[in-house]
Number of protein chains: 2
Amino acid sequence: MFKELNPLLHSELRLAVMSILIGVEEADFVYLREQTHATAGNLSVQIDKLQKAGYISVEKGFKGRMPRTVCRITDCGRDAFTEYVDALSGYIGR
Amino acid sequence: MFKELNPLLHSELRLAVMSILIGVEEADFVYLREQTHATAGNLSVQIDKLQKAGYISVEKGFKGRMPRTVCRITDCGRDAFTEYVDALSGYIGR
DNA sequence: AACATTTGGTTTATTTTATAAACTACTTTA
DNA sequence: TAAAGTAGTTTATAAAATAAACCAAATGTT
């Protein structure tokens with residue numbers, strides 16, 4: 001009945017980030033911050049965790065002369081997200 | 001897009017408890033512990049939080065001579081759960 | 001040119017949460 | 001009557017979320 005919920009994904013902000021990334025080719029730091037209404041500090045920390053888990057790739061470059069951090073979901077991240085949603089269904093009855 | 005997730009419900013164990021209680025008339029401590037595979041300590045704490053939030057009612061009585069704690073979901077709890085599931089849908093795309 | 005402000009972040013510190021371990025009180029069994 | 005089990009609670013610790021402070025470079029203001 002109750003499968004374990006991946007604790008890395010069972011976090012409001014990280015889940016929101018993954019939810020965005022699963023639907024787009026890529027998204028940069030500023031876009032993610034705006035969409036999630038998170039503070040930069042919090043977002044920075046959570047992006048780091050997702051990257052370390054291998055769920056997203058993070059590419060730090062420049063847009064003109066300003067820094068720009070671009071994130072993409074990985075295949076591994078996509079799998080983890082799918083599994084999480086599946087597990088969650090057992091809790092919320094879908 | 002991203003509604004806030006009620007932090008009281010966005011917890012694996014509390015969510016499991018609510019998930020059980022929403023489907024039954026009542027459930028006692030032991031049943032909840034068995035179904036969720038939680039430790040008694042953890043379950044005790046989380047039940048307390050749900051009760052303090054008004055999401056469940058907790059009735060401590062006896063079954064024969066052994067103590068027995070019975071939990072029931074409240075209307076308020078049912079509403080909160082429904083709202084949580086609705087908000088969650090925005091994250092997992094249902 | 002000099003200074004303040006904004007941008008795009010990171011690092012550090014604090015609060016909150018989850019969880020386990022230890023404990024209490026009572027009951028049943030040998 | 002001693003040992004073990006049941007049903008929990010309380011306390012301590014580890015992990016997580018979040019905010020606040022900070023940094024470096026860019027841009028706007030006088």
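Just so we're on the same page: letters track the sequence lines, and every chain starts at 1.
Between A:Asn42 and A:Met66, it is A:Met66 whose nearest contact on DNA chain C lies nearer the 5' terminus. Nucleotides of DNA chain D nearest to A:Pro7 and A:Ala40 differ in position, and the one nearer the 5' end is that of A:Pro7. Of the residues near DNA chain C, A:Val45 and A:Pro67, the one whose nearest nucleotide (by heavy atom distance) lies more toward the 5' end is A:Pro67. Nearer to the 5' terminus of DNA chain D, by closest-nucleotide assignment, is the contact made by A:His10 (compared with the other of A:Gly41 and A:His10).
Of all the heavy atoms in B:Arg33 and B:Thr39, the pair that sits closest is CD-C, 4.3 Å.
Look at B:Lys60 and you'll find a side-chain N or O under 4.0 angstrom from OP1 or OP2 of D:dT9. For D:dT9, the OP1/OP2 oxygens have a side-chain nitrogen or oxygen of B:Ser44 closer than 4.0 Å. Within the structure, a side-chain polar atom (N or O) of A:Arg65 is placed less than 4.0 Å from OP1 or OP2 of D:dT27.
A side-chain donor from one of A:Tyr55 and A:Asn6 sits under 3.5 Å from a side-chain acceptor of the other.
In summary, contact between chain A and DNA chain C, defined as any nucleotide atom under 4.0 Å from a heavy atom of the protein, begins and ends at C:dT7 to C:dT11 in the 5' to 3' direction.
Residue B:Ile47 contributes atom CD1, which lies 13 Å from atom P of D:dA7 at whole-angstrom precision. When rounded to the nearest whole Å, the span between CZ of B:Phe62 and P of D:dA7 equals 12 Å. D:dA17 atom P lies 13 Å from atom CG of A:Asp48, rounded to whole Å. The distance between atom CG of A:Leu8 and atom P of D:dA16, rounded to the nearest whole Å, is 8 Å. The NZ atom of A:Lys63 sits 15 Å away from the C1' atom of D:dT27 (whole-angstrom rounding). The distance from atom NZ of A:Lys49 to atom P of D:dT18 is 10 Å, rounded to the nearest whole Å. Between the CZ atom of B:Arg33 and the P atom of D:dT6 there is a distance of 9 Å, given to the nearest Å.
For the atom pair NZ (A:Lys60) and CZ (A:Phe29), the distance works out to 8.0 Å, reported to the nearest 0.5 Å. Put simply, CE on B:Met18 and SG on B:Cys71 are 11.0 Å apart, with the number rounded to the nearest 0.5 Å.
The closest side-chain heavy-atom distance from A:Leu13 to A:Val45 is not below 4.5 Å.
Residue A:Gln46 is classed as a base contact, given a heavy-atom separation below 4.0 Å to a base.
Salt bridge absent: A:Arg68 and A:Glu59 never bring a charged side-chain N and a carboxylate O closer than 4.0 Å.
Checked against ring-ring contact (aromatic ring centres under 6.0 Å, His included), B:Tyr91 has the following partners two or more places apart in sequence or in another chain: B:Phe2.
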